[in-house]
Amino acid sequence: MKRHSTKRIKNIHLLPGANEETVRAQTRRRRSPFRQLLKRLAIVAAVLGVLFLLWNNWEKIAPESVLDWVNVQLGNGEEGEGYPYLIGGNTVVGMGQTGNYLTVLSDSSLQFFNSSAGCVEQRPNTLNDPLLQVAGQYALVTELGGSRFEIETRRETVLEMNLENRKIYASDLLSSGMVAVATDAASQSYISHVLVYNKNGKLMYEYKSGKYLITNVSLSPDGKGLAAIGTTAEGGALKSVLLLWQFSSDTPTEYADTEQLLYNVSYLGNAVVALGDSEYWVVNGKNLTRVAYEGMEPVGFAASRKIAGLVMRRSGSAGNGEVWLLNDRGKQVKTLPFAGSYRSASCRDTEFVLLADSTVFIIGEDERNIQINTPTDTLSAAQYRDTVILLTLRDLQQVAY
């Protein structure tokens, strides 16, 4: 009887018409131990690479609340028992919101607080006459009249810069970490110097003025331009100038006057607002508009990149006044009278916060105007998340609205 044979390669059955040698060769390639080892090593390397990237960028991608909890468990932070938080109010020189944290600068330290008043980070402040400015997740501490400035976040000191043998007159900060500073000259060949750095300390732009002493600066929101104000003597009179640059050009556009002393400047969207002693200027595009105070005088000013508020009072008056609110085109969109003596002003996003005696006023472009009664020893007020933080002589208090 004829025996039937079946072509097999171990447990593999060949289909009719299949070539046995080809199948054997392919099977050997598939089962090559060297190839399998390479594949496994590649998978392990990929997994390790992903783990390294996660570890290296953990603070950028992990939720802040998780990181704060870890710090508390390791003893590097406070959990917080809620506001009020005891603090020497007369030592505080500035406060504002960076990321999700309340940032408080005092004579001796820079502190970051969470929503439950836990001090999650504290660093020493060694700068004399420090100025605090906040934008996004960054805080800029500038030594006015000195040579140093620092860019800080909740997690780290991003940049420490010392402009040796220089005096810083003014500074500005963007949410990207870009910084502009105006300083005196390093030589007798010019009068003042404007320098723009990114958060890594790389010099992005500089301008040396041989004519004007530059006293204030403001970066454009897109980080591509700069506004500054300066002064010079001309014909026995003091001349003020508003300078506007694009970083693609070395020559600024100038707007000058010998009858007006300009002392503050701010970018609002694409418009620039400059404050003078008897009027304010608005440059939108290349058009200059001058708005007179008409018997009023400015006693306070604060701006974000979206709105600005001028705190005005009648000349010769000791109390009461009104707020002029400007939108991102520099147009006055609201006038709000208030009672009491002016104490502080701050601005975040689209709302302006005014403290006058024992009342905080929260003013936006919409019809809503909020008033909150405050302790009589309140020194300043600033927004933090959806609340207002009050700095009194002895503590930080939080008020929801």
Looking at side-chain heavy atoms only, is the closest gap between [X] and [Y] below 4.5 Å?
{"X": "Gln111", "Y": "Ile87", "result": "yes"}
{"X": "Val134", "Y": "Leu173", "result": "no"}
{"X": "Tyr384", "Y": "Tyr83", "result": "yes"}
{"X": "Met312", "Y": "Glu297", "result": "no"}
{"X": "Lys211", "Y": "Lys239", "result": "yes"}
{"X": "Trp281", "Y": "Val265", "result": "no"}
{"X": "Asn200", "Y": "Leu159", "result": "no"}
{"X": "Leu226", "Y": "Tyr207", "result": "no"}

So, [X] side chain and [Y] main chain: donor-acceptor pair closer than 3.5 Å or not?
{"X": "Asn369", "Y": "Ile363", "answer": "no"}
{"X": "Thr91", "Y": "Ser106", "answer": "no"}
{"X": "Arg394", "Y": "Leu86", "answer": "no"}
{"X": "Gln398", "Y": "Thr387", "answer": "no"}
{"X": "Tyr85", "Y": "Glu81", "answer": "no"}
{"X": "Gln260", "Y": "Ser278", "answer": "yes"}
{"X": "Tyr293", "Y": "Glu279", "answer": "yes"}
{"X": "Ser380", "Y": "Ser344", "answer": "no"}
{"X": "Ser192", "Y": "Ile214", "answer": "yes"}
{"X": "Asp357", "Y": "Ser341", "answer": "yes"}

Drop me the distance from [X]'s [atom1] to [Y]'s [atom2], to the nearest 0.5 angstrom.
{"X": "Asn216", "Y": "Leu243", "atom1": "CG", "atom2": "CG", "value": "12.0 Å"}
{"X": "Asp377", "Y": "Asp395", "atom1": "CG", "atom2": "CG", "value": "7.5 Å"}
{"X": "Leu379", "Y": "Leu391", "atom1": "CG", "atom2": "CG", "value": "5.0 Å"}
{"X": "Thr289", "Y": "Asn284", "atom1": "OG1", "atom2": "CG", "value": "7.5 Å"}
{"X": "Cys347", "Y": "Leu325", "atom1": "SG", "atom2": "CG", "value": "7.5 Å"}
{"X": "Leu140", "Y": "Met178", "atom1": "CG", "atom2": "CE", "value": "13.0 Å"}

Compute whether any side-chain donor of one residue and acceptor of the other, for [X] and [Y], lie under 3.5 angstrom apart.
{"X": "Ser147", "Y": "Asn162", "result": "yes"}
{"X": "Ser189", "Y": "Ser187", "result": "yes"}
{"X": "Gln332", "Y": "Thr335", "result": "yes"}
{"X": "Glu254", "Y": "Tyr212", "result": "yes"}
{"X": "Gln383", "Y": "Ser346", "result": "no"}

Ignoring hydrogens, what is the shortest heavy-atom contact between [X] and [Y]? Give both atom names and the distance.
{"X": "Thr251", "Y": "Trp245", "answer": "C-CD1, 4.3 Å"}
{"X": "Ala180", "Y": "Val196", "answer": "CB-CG2, 4.0 Å"}
{"X": "Leu127", "Y": "Thr142", "answer": "CD2-C, 4.0 Å"}
{"X": "Arg385", "Y": "Ser115", "answer": "NH1-CB, 3.5 Å"}
{"X": "Thr374", "Y": "Leu355", "answer": "OG1-CD1, 3.9 Å"}
{"X": "Ala227", "Y": "Leu244", "answer": "CB-CD2, 3.5 Å"}

* Within a reach of under 6.0 Å around CG of Asn327, are more than 12 heavy atoms found that belong to other residues, nucleotides or ligands? -> yes
* To do: State whether the number of non-hydrogen atoms from other residues, nucleotides or ligands found under 6.0 Å of Asn165 atom CG is greater than 12.
  =>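 No - once you tally the heavy atoms of other residues, nucleotides and ligands closer than 6.0 Å, there are 12 at most.
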* Who pairs with Ser175 by side chain to side chain donor-acceptor pair (under 3.5 Å), at least two apart in sequence or on another chain? ->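 Result, side chain to side chain donor-acceptor pair (under 3.5 Å) vs Ser175: none returned.
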* Asked: What do the steps show when you test Ser240 against Asp257 for side-chain contact (heavy atoms from CB on, under 4.5 Å), and what is the final call?
  -> CA-CA 6 Å; Ser240 279; Asp257 194 341; 5.8 Å; no
* To do: Tell me, with the steps shown, if Gln137 and Thr98 meet side-chain hydrogen bond (donor to acceptor under 3.5 Å, both in side chains).
  => CA-CA 5 Å; Gln137 65 174 326; Thr98 55; over 6 Å; no
* Which of parallel (below 30°), tilted (30 to 60°) and perpendicular (above 60°) describes Phe149 and Tyr197? ->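 Ring orientation, 0 to 90° scale: tilted.
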* Asked: According to the interplanar angle, ranging from 0 to 90°, do the rings of Phe361 and Phe338 count as parallel (below 30°), tilted (30 to 60°) or perpendicular (above 60°)?
  ->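 Tilted.
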* To do: Decide yes or no on side-chain contact (heavy atoms from CB on, under 4.5 Å) for Tyr101 and Glu121, but give the supporting numbers first.
  => CA-CA 10 Å; Tyr101 300 94; Glu121 181 69 22; over 6 Å; no
When you check the gap from the basic side-chain N to the acidic O, do [X] and [Y] get nearer than 4.0 Å?
{"X": "Arg305", "Y": "Asp172", "result": "yes"}
{"X": "Glu150", "Y": "Arg148", "result": "no"}
{"X": "Arg368", "Y": "Glu351", "result": "yes"}

* Would Glu206 and His193 satisfy side-chain contact (heavy atoms from CB on, under 4.5 Å), going step by step from the backbone distance to the final call? -> CA-CA 7 Å; Glu206 65 176 329; His193 199 178; 2.8 Å; yes
* To do: Show your working on side-chain contact (heavy atoms from CB on, under 4.5 Å) between Val93 and Asp107 and close with a plain yes or no.
  => CA-CA 7 Å; Val93 297; Asp107 294 336; 3.5 Å; yes
* Asked: Checking side chain to side chain contact (heavy atoms under 4.5 Å, CB included) against Leu131, which of Val141, Ile168, Leu105, Leu144 comes through?
  -> Leu144
